[in-house]
Number of protein chains: 2
Amino acid sequence: MDFRHLKSFITVAEELNIGRAAKRLCISQPPLTRQIQQLEEDVGASLLIRTARGVELTEAGRVFLGEARNILSLARLAVERSHKAALGKLGRIDVGIFGSGIFGTIPKMLLAYRQACPEVNVVLHSMNKGEQVEALRQRRINVGFNRLLAYEPDIVSEVITMEGLYLALYESHPLVATGDIHWRELAGQPLVMFPSSTRPNFIDRAIELCKLEGFEPVIAQEVGDAVYAIALVASGFGLCIVPESATNLRLPGVRYRRLVRDPLPMVDLSCIYRRDDDSAILQSFLDVGRTFRAE
Amino acid sequence: MDFRHLKSFITVAEELNIGRAAKRLCISQPPLTRQIQQLEEDVGASLLIRTARGVELTEAGRVFLGEARNILSLARLAVERSHKAALGKLGRIDVGIFGSGIFGTIPKMLLAYRQACPEVNVVLHSMNKGEQVEALRQRRINVGFNRLLAYEPDIVSEVITMEGLYLALYESHPLVATGDIHWRELAGQPLVMFPSSTRPNFIDRAIELCKLEGFEPVIAQEVGDAVYAIALVASGFGLCIVPESATNLRLPGVRYRRLVRDPLPMVDLSCIYRRDDDSAILQSFLDVGRTFRAE
DNA sequence: CATGAGTCATGCAAAATTTGCATGACTCGA
DNA sequence: TCGAGTCATGCAAATTTTGCATGACTCATG
């Protein structure tokens, strides 16, 4: 049994006449007759009733006709789906994402990817930078999002976007009255810092900038996640330096002001993946990510 | 693309080595290599990554592997289902049945058929004798159940069972006291008669027997259906001659007594079908019916 | 660093399969 | 009775598939 047999049988069943079916299939009648005979022998049942004016379907033939159509459409689907998989438009991608990554650019990018490749199942895994690198190596994720990654030989890091830094203040704080806030004004202010993940991290970067301005920051509290940090700001614990994307988290009693100095302090949002990963799905994902970088 | 390509690909995907797969398929390695190449060209995507130790699946290959397995199992199923259809064990059978046929032998037979051929969809249609013959000719039903069918050249009638006749009486009737009731005792009793369908019918038969006993029956009421007739008996309208199977209908206030004379009056329950219908489904249905006749 | 075992790919002739032509056997309506 | 139309079959030609020999390449190992 063969796809050719199925196609032939379907055509014969549609024409109810072997000669006409042969014409439609662009072969002559005898080979078509033989194909049907072979098929019947293979199936082990008579599929056609030969009459003087053509053929009729037996019950087995009617059943087989339906099945044959199913099989052929499934075959077409198989080719189509393989094609899509080869283009990275079908399958599954596991994405590592840090706690506060769900604000700002990343969800927009995921949404754009979903529209570009609706048949790819995107699975998000919450993990910090170190866990992402480990998970990439163990192939538990295909791609990760983080900031300030130290160089790793087997990992590629692509900057998706650079973000300015903002200060989160409780609304009764005197600095709220000003517009942009210069970094030096952080001197002496109690700061809530995050995250305490693999170095170099966001805290190191903030401390470094304070030193450049000539003061040691006052660290009121260290927490693991931006949401916790901003919640503490809301209850008056102190101020908090956050990347621009975190300002999308609106909590009552919290205001955000841009932090400035020369040069303007910024932090990257990057996409990381295995250097040896040439899978189409990763490529299609990165392609969407790169359109964001271009903006 | 054909089934051979799919089987080859599945084997290669299982072995991850073309040479070993070829051994399992009992062919040499070069033709298998070519089959995979053909398949890849047909699908329009690379399915395997050739390495020094064998092959790996690409993402398209993984997707195609799943689809190929689906297709092959569907193909096996197609053969199996056609086989079953050829044996009359799969499909649909439309059965014509008269109103009071749902008591007694017919439901037992339908149950037995359901167990014998669980994949045949049995569709019941309520219709009287004349409608059944018409529906058979128009192929709206495959088989019908009825009694006392007059000969029709294109219809075969097979007796499933012969049933004795019973008298339905309201419980306060004097004849309830006796055991079997002789036909002659019906003289002068008001009778509820059914059904008034195509002749010859059950009424004709009853009247004929009355005349043989030398009296004209007193017909209190004619109704179309046994259920109505027995309901009228329950409310004291009169007595009713019913086939044995109808005694399975128990209504409060109704008693049944066997009707006797010499020879014992009986009526057939028969199965009818088109003489030119040689479909396997009908045969499988009749086979079950015939086991009932044998009892 | 050379070697060798193992892999998949390819050229080519032989084998197997499929096709088309000619024709047969049969049915059915004019 | 005949003729047009159907499916079936014998046979040689065309096509496809196969196996053998061999090539190109990778990688572990001495």
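In what follows, chains carry the letters A, B, and so on, assigned in the order in which the sequence lines appear, proteins first and then strands, with residues in each chain numbered from 1.
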Legend entry - Residue B:R50 excluded, over 12 heavy atoms near CZ under 6.0 Å: yes
Legend entry - More than 12 heavy atoms of other groups within 6.0 Å of A:R275 CZ: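 Counting other residues, nucleotides and ligands, CZ of A:R275 exceeds 12 neighbours.
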Inset, instruction - Determine yes or no for a side-chain-to-main-chain donor-acceptor pair under 3.5 angstrom, with B:E131 supplying the side chain and B:N128 the backbone. - result: yes
Roughly how many Å is it from [atom1] in [X] to [atom2] in [N], rounded to a whole number?
X     : N      : atom1 : atom2 : value
A:D2  : D:dT16 : CG    : P     : 13 Å
B:Q38 : D:dT18 : CD    : C1'   : 12 Å
B:I27 : D:dT16 : CD1   : P     : 18 Å
B:E41 : D:dT16 : CD    : P     : 13 Å

Can you give me the N/O atom pairs linking the protein to nucleotides 4-10 of chain D at distances under 3.5 Å, or say none if there are none?
residue	atom	partner	partner atom	Å
D:dT6	OP1	A:N17	ND2	2.9
D:dT6	O4'	A:A52	O	3.2
D:dC7	OP1	A:I18	N	2.6
D:dC7	OP2	A:G19	N	3.2
D:dA8	OP1	A:R50	NE	2.7
D:dA8	N7	A:Q29	NE2	2.9
D:dA8	N6	A:Q29	OE1	3.0
D:dT9	OP2	A:Q37	NE2	3.2
D:dG10	N7	A:R34	NH2	2.9
D:dG10	O6	A:R34	NH2	3.3

Legend entry - Aromatic ring proximity A:F145/A:F98, centre distance under 6.0 Å: no
Inset, instruction - Would you indicate whether the side-chain heavy atoms of B:I97 and B:M127 approach each other to under 4.5 Å? - result: no
Inset, instruction - Give a yes/no answer on whether the side chain of B:R4 brings an N or O atom under 4.0 Å of OP1 or OP2 in D:dT18. - result: yes
Legend entry - Heavy-atom closest pair, residues A:Q35 and A:I27: NE2-CD1, 4.1 Å
Legend entry - From D:dT18, C:dT19, D:dG19, nucleotide with atom closest to B:Q35 side chain: D:dT18
